[in-house]
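The next block holds one structure in the form of structure tokens; read it before the comments.
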Amino acid sequence: MDHLDDATRTELEAAAFRRLLKHLDEHKEVQNIDLMILADFCRNCLSKWLVSAAEERGEALDYEAAREYVYGMPYSEWKAHYQQEATPEQQAAFAAREAQKQEKAR
């Protein structure tokens with residue numbers, strides 16, 4: 001992608017991000033904890049990254065507004081309809097992932 005101008009690259013990156021959000025919306029069965037275990041990020045991380053990117057550019061973006069954009073609805077609504085309680089297996093896998101990250105940081 002080095003051959004692309006900055007505007008084109010930004011447009012492609014934005015399109016890919018929108019496609020990622022659409023993909024996540026189409027797969028609400030994929031829980032945030034599953035994403036955290038497998039990829040070390042989740043929908044909330046995407047929301048925080050949007051807020052951070054806005055701040056870096058001197059723009060104001062509220063975290064809840066960012067979450068609503070990422071989730072496609074208010075977080076409380078998404079949570080009520082789609083979020084499931086983490087299973088003991090998911091909790092154990094998440095704890096193992098976090099321990100692995102701590103070990104690497106040493």
Side-chain angles (χ1 to χ4, degrees):
M1 291 200 12
D2 291 338
H3 69 287
L4 300 172
D5 62 87
D6 287 345
T8 301
R9 186 173 43 256
T10 297
E11 288 174 19
L12 293 176
E13 291 167 347
F17 180 73
R18 287 189 297 271
R19 181 63 187 104
L20 171 61
L21 293 181
K22 185 176 187 288
H23 184 77
L24 289 171
D25 189 54
E26 291 169 352
H27 294 281
K28 291 178 178 80
E29 76 279 3
V30 177
Q31 297 294 297
N32 281 334
I33 194 164
D34 296 324
L35 292 169
M36 290 298 294
I37 292 165
L38 294 172
D40 200 28
F41 84 98
C42 69
R43 293 169 180 90
N44 290 325
C45 296
L46 292 173
S47 304
K48 290 175 185 174
W49 296 342
L50 279 172
V51 170
S52 177
E55 288 173 354
E56 288 172 6
R57 286 156 184 78
E59 299 291 335
L61 179 60
D62 177 72
Y63 177 58
E64 289 306 317
R67 278 211 299 196
E68 187 168 333
Y69 178 73
V70 168
Y71 283 91
M73 63 187 71
Y75 176 66
S76 59
E77 185 180 324
W78 192 92
K79 188 176 176 180
H81 288 91
Y82 304 107
Q83 186 167 312
Q84 300 168 7
E85 197 69 35
T87 66
E89 293 82 10
Q90 287 171 316
Q91 292 174 356
F94 180 75
R97 171 91 163 149
E98 290 299 301
Q100 185 180 47
K101 284 173 30 182
Q102 292 297 321
E103 188 61 33
K104 283 184 181 179
R106 293 180 191 174

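On a predicted model such as this, the values are computed, not experimentally measured, just so you know. Position 1 is the first residue of the sequence; numbering continues from there. Computed from heavy atoms alone, side chains included, the values below leave out hydrogens, waters and symmetry copies.
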(request) Please report the C-alpha distance between K101 and E98 in whole Å, then the side-chain angles of each, then the deciding distance to 0.1 Å, and finally whether the side chain to side chain contact (heavy atoms under 4.5 Å, CB included) criterion is met. (result) CA-CA 5 Å; K101 284 173 30 182; E98 290 299 301; 3.1 Å; yes
(request) Before giving the answer on side chain to side chain contact (heavy atoms under 4.5 Å, CB included), spell out for V70 and Y75 the whole-Å C-alpha distance, their side-chain angles and the decisive distance to 0.1 Å. (result) CA-CA 9 Å; V70 168; Y75 176 66; over 6 Å; no
(message) Does H27, at its NE2 atom, have more than 12 non-hydrogen atoms belonging to other residues, nucleotides or ligands within less than 6.0 Å?
(response) yes
(request) Rounded to the nearest 0.5 Å, what's the gap from CG on D2 to CZ on R9? Could you check? (result) 7.0 Å
(request) Look at the rings of W78 and Y82 and say which category their plane angle falls in: under 30° parallel, 30 to 60° tilted, over 60° perpendicular. (result) tilted
(request) Supply the atom-to-atom distance F94 CZ to L38 CG, rounded to the nearest 0.5 angstrom. (result) 12.0 Å
(message) Using 0.5 Å steps for rounding, measure from the CD atom of Q31 to the CD atom of Q84.
(response) 4.5 Å
(request) Begin with the C-alpha distance, continue with both residues' side-chain angles, and end with the deciding distance and a verdict on side chain to side chain contact (heavy atoms under 4.5 Å, CB included) for L24 and L20. (result) CA-CA 6 Å; L24 289 171; L20 171 61; 4.2 Å; yes
(request) Heavy atoms only: give me the nearest L61-A66 pair and the separation to one decimal. (result) CD2-CB, 4.0 Å
(request) With rounding to the nearest 0.5 Å, note down the distance linking CZ in R43 to OH in Y71. (result) 6.0 Å
(request) Answer yes if L46 and Y69 sit in the same cluster of Ile, Leu, Val, Met, Phe, Trp and Tyr residues linked by side chain heavy atoms under 4.5 Å apart, and no otherwise. (result) yes
(request) Find the distance between CZ (R67) and CD (E64) and round it off to the nearest 0.5 Å. (result) 4.5 Å
(message) Quick check on the hydrophobic clustering: are Y63 and L50 connected, directly or via other members, by side-chain heavy-atom contacts under 4.5 Å?
(response) yes
(request) Flag yes if more than 12 heavy atoms outside K79 fall under 6.0 Å of its NZ atom; otherwise flag no. (result) no
(request) Examine distances only and state if a side-chain atom of Q90 and a backbone atom of T87 form a donor-acceptor pair shorter than 3.5 Å. (result) yes
(request) Any chance you could measure M1, atom CE, to E13, atom CD, to the nearest 0.5 Å? (result) 5.0 Å
(request) Give a yes or no on whether E26 atom CD has more than 12 heavy-atom contacts from other residues, nucleotides or ligands under 6.0 Å away. (result) yes
(request) Say whether F17 and W49 are linked into one hydrophobic cluster, either directly or through other cluster members, by side-chain heavy-atom distances under 4.5 angstrom. (result) yes
